[in-house]
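This report concerns only the one structure given below.
We count ligands from 1, going down the list as the structure has it; atoms in each ligand are counted the same way. Numbers here are sequence positions counted from 1.
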Amino acid sequence: MPVVLPPGAGYLGKSRRRISASGLVTWERCPRQWHYRRRIGLNDAIVPEMIIGLVVEDALCGLYMERFSSDKPTPIVSTWVNHSRQGDGLQKIESSAELQISDIDSINEWLEIVLPTLVGEVQRLLKKKWDESPWKSNQRDISEVDDKRIENLLRGGINLQIEEVQNCFNNEGGPYLDQFRESGDPFTIPAPCWDENPAKPGEYKSRTAGKGFKSGSITAWEAWEIARPWVKDPRILEPQRLFHPDGWAAGELDLVHRWDGTVRICDIKASAGTSGYSVGLVNQLRFYQWLWSITRTHSGRPKGGINGGELSRLEGWYLVGPHRKIVDILDEKTLGEESSKWKNIHQQMTLSGLHPTHMAPADPSPWIKHQPGGKPLAVDDEKAAKKLTCERCTAVAFCDGSPEVIRKIAQSSITPPEMGNFENLVKDLVPKPPCTLISNIPRRLNVKGEIKGHWGPLPNHYGEDVRGATIVVGNTSVVIEEMGADSFGQIPSSGEFAMLDVAPGLWRGMTRLYLDEHSDIRNIGDTPDVEFTRLGLIPTKANLSGQVVSRGRNSGVNSTGKPWAMSTCHLWDGESIVEVVAFGSAINRTFQQIKVGDRVRILSAELGWRDGVPQVRINPRNTRIEVKTA
Ligand code: SF4
């Protein structure tokens with residue numbers, strides 16, 4: 001639920017530096033796994049389950065945003081389906097039938113009739129996402145996801161919401177019936193509805209009471225309106241999240257129910273909750289409880305409306321079943337202790353990967369199976385259960401903490417047959433000049449000079465607002481810039497200074513020095529034993545070679561409305577892994593066609609940084625990419 005724009009809102013407000021509920025859950029599964037997945041962005045080959053949950057959740061939230069006609073029959077067409085189709089330039093679906101909403105059965109009937117079009121749209125989006133993905137599992141295909149499976153998930157979400165509507169109806173609309181009848185949704189941040197204008201984060205938009213509100217006993221139409229949960233509004237591009245006032249944590253809620261005078265935070269899961277991943281739900285929801293509690297008095301919250309009451313419960317909505325898992329909220333003292341733990345985890349996260357030898361510990365949690373509805377089963381053999389966690393890990397082939405037997409299986413799966421064995425592959429991957437080991441990429445250095453030309457915050461290439469300046473010695477000047485939004489803070493406006501632990505790089509042909517929370521600016525007199533690099537000798541390029549072990553892509557529209565796109569691959573040189581990124585026009589045919597398993601040489605790539613770890617970037621004019629197809 002939106003509070004305000006994120007501190008230093010970047011491209012869609014995402015930052016690998018903030019701790020999120022899913023990042024926390026990954027860390028608790030294994031800190032080293034978090035390092036590989038979140039810090040350096042190593043992906044898994046896509047399987048249908050990775051996208052089904054996202055699309056089904058969008059479809060359900062779009063359905064909860066419907067408003068029925070009250071005085072005439074309602075056309076049977078999903079507004080979300082048409083919104084989604086129009087976003088891809090497709091024609092709207094016209095309604096060929098209509099239904100009068102008179103009771104909860106008729107709401108159910110309307111939803112049941114509209115369901116096939118939702119299934120169709122979910123399938124279209126799944127196929128599109130699948131086709132666009134640069135790395136798919138060889139053993140899986142999106143065509144195996146049949147309509148029945150999607151229908152079952154959607155019907156699970158419909159049934160759970162209809163339970164809310166029925167309860168609301170049975171309770172005469174709850175304590176806010178009069179406010180709804182008088183002036184519509186009374187909350188400070190109203191529940192998005194297709195018939196009402198969207199409210200951006202931080203914005204207050206009062207509502208008008210829909211025409212269907214009456215007097216006397218509550219109607220089913222009114223119960224649907226009042227029981228509508230807050231969901232992420234698909235019409236808004238800005239991030240709709242809870243941001244910690246200090247910016248180091250953020251969370252995106254699925255549903256917030258408020259009709260009964262209390263607040264319930266619910267998370268949708270497109271499963272029955274039987275897998276080991278279900279273990280993360282409790283902490284995920286309690287992380288939201290904490291973010292909710294610390295943002296209620298945030299000065300950036302819009303004024304007006306009512307707050308919706310105290311948080312009473314946390315719920316997991318498992319769509320297969322469906323099941324409603326109730327998670328008790330933590331008392332204030334325990335929540336305080338938990339949040340100190342999360343702060344500490346966040347500090348450990350910022351250090352992981354800062355130096356090549358420092359990675360978060362390899363410490364897998366046991367894989368815990370569950371009964372339907374997310375009820376955990378006892379673990380008899382903890383060692384075997386930890387092995388199951390490693391077996392499912394993205395990094396099992398590269399992690400020295402993984403059990404040897406499964407590491408060897410994973411390593412043989414990435415070894416081309418002509419190499420014979422994994423040891424031969426590692427030997428063959430040793431870079432030959434001019435390429436160097438990834439671990440030899442220059443990380444941090446110290447410079448001194450006069451700081452001039454203070455600017456910012458101005459957008460960097462990720463669209464994040466960063467501060468910058470130049471450092472000058474004689475005729476040589478170099479740009480200094482924050483690595484990401486708010487990653488360093490104020491830079492002195494002028495004067496002679498020493499800059500310690502800054503990261504060297506290049507962007508748009510200009511040498512840059514990136515500052516983050518590990519960098520320091522001091523008076524030159526305070527650095528007697530420091531070794532400095534001359535500004536003219538700052539390393540800015542990298543020549544690397546290795547085997548491609550992951551592919552990814554991302555695109556969207558930034559907060560100024562400008563589209564952006566990036567394509568990534570991860571290169572492994574037998575020892576370390578680094579992310580290689582092409583932005584916008586640098587995503588050429590050669591880069592697009594790179595596959596996992598290919599051997600690649602990248603010459604004269606630009607050295608960049610993302611949240612404290614190196615990121616090698618393709619310059620469309622100067623970088624040479626040589627690919628030996630697997
Ligand atoms: S292989 Fe196991 S120990 Fe290593 S990162 Fe993955 S889960 Fe952690």
Going by the atom numbers of ligand 1, which of them fall below 4.0 Å from some non-hydrogen atom of [X]?
{"X": "S402", "answer": "1 (S)"}
{"X": "Q33", "answer": "5 (S), 7 (S)"}
{"X": "R32", "answer": "5 (S)"}
{"X": "A362", "answer": "3 (S)"}

Between [X] and [Y] (salt bridge meaning N to carboxylate O under 4.0 Å), is one present in this structure?
{"X": "K269", "Y": "D267", "answer": "yes"}
{"X": "R599", "Y": "D428", "answer": "yes"}
{"X": "E132", "Y": "K129", "answer": "no"}

Nearest neighbour in protein (non-hydrogen) for [atom]:
{"atom": "atom 4 (Fe) of ligand 1", "value": "C399 SG, 2.3 Å"}
{"atom": "atom 2 (Fe) of ligand 1", "value": "C390 SG, 2.3 Å"}
{"atom": "atom 8 (Fe) of ligand 1", "value": "C30 SG, 2.3 Å"}

Handout entry: Short N/O/S contact of C393 with atom 6 (Fe) of ligand 1 (below 2.8 Å)
Key =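 Yes, C393 qualifies, because one of its backbone or side-chain N, O or S atoms lies under 2.8 Å.
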
Practice task
Please work out whether the ring planes of F422 and W572 are parallel, tilted or perpendicular, with thresholds of 30° and 60°.
Solution key: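 Rings of F422 and W572: parallel, as their planes differ by under 30°.
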
Practice task
Classify the ring geometry between Y277 and W367 as parallel (under 30°), tilted (30 to 60°) or perpendicular (over 60°).
Solution key: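 Rings of Y277 and W367: perpendicular, as their planes differ by over 60°.
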
Exercise for the section: Indicate whether the side chain of N588 and that of Q592 have a donor and an acceptor atom separated by less than 3.5 Å. Expected result: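 Absent: no donor and acceptor within the cut-off.
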
